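Reading through the structure tokens given below for one structure.
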Amino acid sequence: MKAIHVKEFGGPEVMKLEEVPDLIPARHQVLVRLEAAGINPVDIYILAGTYPRKPALPYTPGMDGAGIVAAVGMGVKNVKKDSRVYVEGAATGTYARFCLADAANVHPLPPDVSFAQGAALGVPYATAHRALFGKARAQKGETVLVHGASGGVGIAAVQIAKTAKLRVIGTAGSEQGLQLVKEHGADEVLNHKDPDYLEDLKNLTGGKGVDVILEMAAQVNLGKDLGQLAPRGRVVVIGSRGPVEINPRDIMGRDATVLGMTLFNLTPEEKEEIHKDLVKGLKNKTLKPVIGKEFPLDQAGEAHKLVMQPGSFGKVVLIP
Ligand code: NAP
């Protein structure tokens with residue numbers, strides 16, 4: 001089968017489309033013929049070889065995908081051959097025509113959700129769900145700032161938070177991004193490139209501050225976030241690409257909490273609960289992943305470059 005084959009860590013140029021051996025599912029695995037693969041920023045960090053999780057070389061990148069079940073292992077009871085599914089945490093990379101995944105990481109994809117949308121679910125939607133409920137314990141009626149709402153995790157967070165009846169303020173760095181965030185349910189939008197946007201944020205809450213911040217760029221924002229929290233507010237650090245200076249007094253004075261999370265730390269039980277909820281949201285159409293751009297598999301490098309550029313607009317996916 002065709003797959004992106006990585007023989008050395010590095011930039012986008014080390015990803016080569018090659019013929020690799022076919023895959024056979026083990027007892028508890030599912031073989032999925034992929035129709036789309038989701039690109040997550042973590043794929044890019046792993047490819048660079050600087051991330052704590054370092055796969056053995058050679059390897060195929062990608063954790064998220066969607067397609068049709070081609071075969072199941074002898075011990076698999078809950079996933080049927082020929083069904084439409086999305087996959088998260090694949091056992092073999094999803095930048096490929098086929099992948100293997102544990103049956104627990106394969107979930108039903110409703111008929112009116114496209115494969116590209118299915119590939120946008122795994123990391124982004126599970127991350128947004130866990131950050132909002134598992135970490136921040138967000139409650140109906142609270143105000144959440146989705147700080148970086150125009151990308152994969154951000155759009156997911158806006159949709160999930162609105163479903164839970166939170167007031168949502170979302171930020172983006174481009175007009176197109178702001179429009180997208182608004183269309184997907186944010187009550188208010190702010191441009192994080194505007195020098196006055198934190199003042200505007202304060203005014204939007206009548207000076208009270210926000211209850212929850214989901215932070216996609218903590219290396220830029222964490223210090224400022226702490227000054228934007230309401231009493232007992234919570235910041236969840238989802239993304240950070242470097243260090244940042246904070247004033248701990250901003251946490252003390254508000255009885256605030258700074259929480260960190262990594263999706264890889266989910267327990268199997270937490271994961272099962274989250275995906276049950278996500279499938280429910282797909283079925284009742286409250287969750288609608290947004291695809292910014294599709295690339296053919298042999299342009300995985302170009303797709304990686306786009307993901308790292310500003311001006312996010314939903315999810316970037318590969319079509320094998
Ligand atoms: P993405 O699709 O590339 O989106 C990036 C988002 O960050 C966009 O909304 C972008 O807005 C925004 N952003 C850029 N500069 C910003 C700034 N100065 N202030 C606020 N927002 C800013 O990436 P993603 O998949 O949503 O992931 C977001 C981050 O979370 C990444 O760093 C990723 O590695 C991390 N992440 C962590 C976990 C975890 O388990 N902890 C899981 C998933 C993702 P504009 O482009 O419109 O400026």
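Keep in mind that what you see is a predicted model, and the values were worked out from it rather than measured.
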Practice task
Applying side-chain contact (heavy atoms from CB on, under 4.5 Å), name anything that partners Asn265, two or more places apart in sequence or on another chain.
Solution key: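 Partners of Asn265 by the side-chain contact (heavy atoms from CB on, under 4.5 Å) criterion, ordered by chain and then number, come out as Arg130, Thr262.
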
Problem - Set of side-chain contact (heavy atoms from CB on, under 4.5 Å) partners for Phe295, sequence neighbours left out - result: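 Once residues adjacent in sequence are excluded, the partners of Phe295 under the side-chain contact (heavy atoms from CB on, under 4.5 Å) criterion are Lys293, Gln299, Glu302, Ala303, Leu306, Val316, Leu318.
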
Any side-chain to backbone donor/acceptor pair from [X] onto [Y]? Under 3.5 Å, distance only.
| X | Y | value |
| --- | --- | --- |
| Gln159 | Lys288 | yes |
| Asp102 | Ala104 | no |
| Gln29 | Gly73 | no |
| Glu19 | Met1 | yes |
| Thr171 | Gly148 | yes |
| Thr92 | Cys99 | no |
| Arg232 | Asp211 | no |
| Lys182 | Asp187 | yes |

Listed partners of [X] passing side-chain hydrogen bond (donor to acceptor under 3.5 Å, both in side chains), at least two apart:
| X | value |
| --- | --- |
| Arg167 | Glu188 |
| Asp112 | Lys285 |
| Glu18 | Lys7 |

Practice task
Would you please name every residue forming a salt bridge (Lys or Arg N to Asp or Glu O under 4.0 Å) with Lys202, sequence neighbours left out?
Solution key: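 Scan of Lys202 (salt bridge (Lys or Arg N to Asp or Glu O under 4.0 Å), adjacent residues dropped) gives none.
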
State yes or no: do [X] and [Y] share one hydrophobic cluster built from I, L, V, M, F, W and Y residues joined by side-chain heavy-atom distances below 4.5 Å, directly or via other members?
| X | Y | answer |
| --- | --- | --- |
| Ile319 | Leu17 | no |
| Phe9 | Met15 | yes |
| Ile238 | Leu263 | yes |

Handout entry: Of all pairs that satisfy ring pair (Phe, Tyr, Trp, His ring centres under 6.0 Å), the ones with a partner from residues 156-206, not counting sequence neighbours
Key =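 Applying ring pair (Phe, Tyr, Trp, His ring centres under 6.0 Å) to every pair that reaches into residues 156-206, excluding sequence neighbours, yields His147-Tyr197.
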
Practice task
Among residues two or more places apart or on two chains, list those pairs meeting ring pair (Phe, Tyr, Trp, His ring centres under 6.0 Å) that have a residue in residues 208-232.
Solution key: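 As it turns out, there is no ring pair (Phe, Tyr, Trp, His ring centres under 6.0 Å) pair with a partner in residues 208-232 once direct neighbours are skipped.
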
Problem - side-chain contact (heavy atoms from CB on, under 4.5 Å) between Leu214 and Leu132, worked out - result: CA-CA 8 Å; Leu214 302 190; Leu132 265 175; 3.9 Å; yes

Determine whether [X] and [Y] make a side-chain contact, defined as any pair of heavy atoms from C-beta on separated by less than 4.5 Å.
| X | Y | answer |
| --- | --- | --- |
| Leu204 | Leu190 | yes |
| Lys280 | Thr163 | no |
| Ile4 | Pro61 | yes |
| Ile213 | Asn221 | no |

Can I get a per-line list of side-chain donor-acceptor pairs under 3.5 Å for residues 74-90, giving both atom names and the distance, sequence neighbours left out?
| residue | atom | partner | partner atom | Å |
| --- | --- | --- | --- | --- |
| Lys80 | NZ | Lys77 | O | 2.9 |
| Ser83 | OG | Lys80 | O | 2.5 |
| Arg84 | NH1 | Leu109 | O | 3.4 |
| Arg84 | NH1 | Pro110 | O | 2.8 |
| Arg84 | NH1 | Val113 | O | 3.1 |
| Arg84 | NH2 | Val113 | O | 3.1 |
| Tyr86 | OH | His275 | ND1 | 2.8 |
| Glu88 | OE1 | Lys271 | NZ | 3.0 |
| Glu88 | OE2 | His107 | NE2 | 2.7 |

Exercise for the section: Hydrophobic side-chain clustering at under 4.5 Å (ILVMFWY, transitive links): who's grouped with Val220? Put none if nobody. Expected result: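 Under the 4.5 Å side-chain rule, Val220 groups with nothing.
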
Cut-off 3.5 Å, no hydrogens considered: what does the side-chain donor-acceptor table look like for residues 32-45, sequence neighbours left out?
| residue | atom | partner | partner atom | Å |
| --- | --- | --- | --- | --- |
| Arg33 | NE | Glu35 | OE2 | 3.2 |
| Arg33 | NH2 | Glu35 | OE2 | 3.1 |
| Asn40 | OD1 | Lys315 | NZ | 2.8 |
| Asn40 | ND2 | Asp64 | OD2 | 2.9 |
| Asp43 | OD2 | Asn40 | N | 3.1 |
| Asp43 | OD2 | Tyr95 | OH | 2.7 |
| Tyr45 | OH | Arg241 | NE | 2.9 |
| Tyr45 | OH | Arg241 | NH2 | 3.0 |

Handout entry: By ring pair (Phe, Tyr, Trp, His ring centres under 6.0 Å) - contacts of Phe133 (at least two apart)
Key =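 Listed in chain order: His129.
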
Exercise for the section: Mark yes when over 12 heavy atoms from residues, nucleotides or ligands other than Glu13 sit less than 6.0 Å from its CD; otherwise mark no. Expected result: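 Atom CD in Glu13 is crowded, with more than 12 foreign heavy atoms closer than 6.0 Å.
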
Handout entry: Whether over 12 other heavy atoms sit under 6.0 Å from Glu175 CD
Key =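 No.
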
Problem - Option among Arg137, Arg234, Lys165 that satisfies the side chain to side chain donor-acceptor pair (under 3.5 Å) test with Glu142 - result: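 Exactly one option meets the side chain to side chain donor-acceptor pair (under 3.5 Å) with Glu142, and it is Arg234.
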
Practice task
Under the side-chain contact (heavy atoms from CB on, under 4.5 Å) rule, what do Phe264 and Val123 come out as? Steps first, then yes or no, please.
Solution key: CA-CA 9 Å; Phe264 299 127; Val123 169; over 6 Å; no

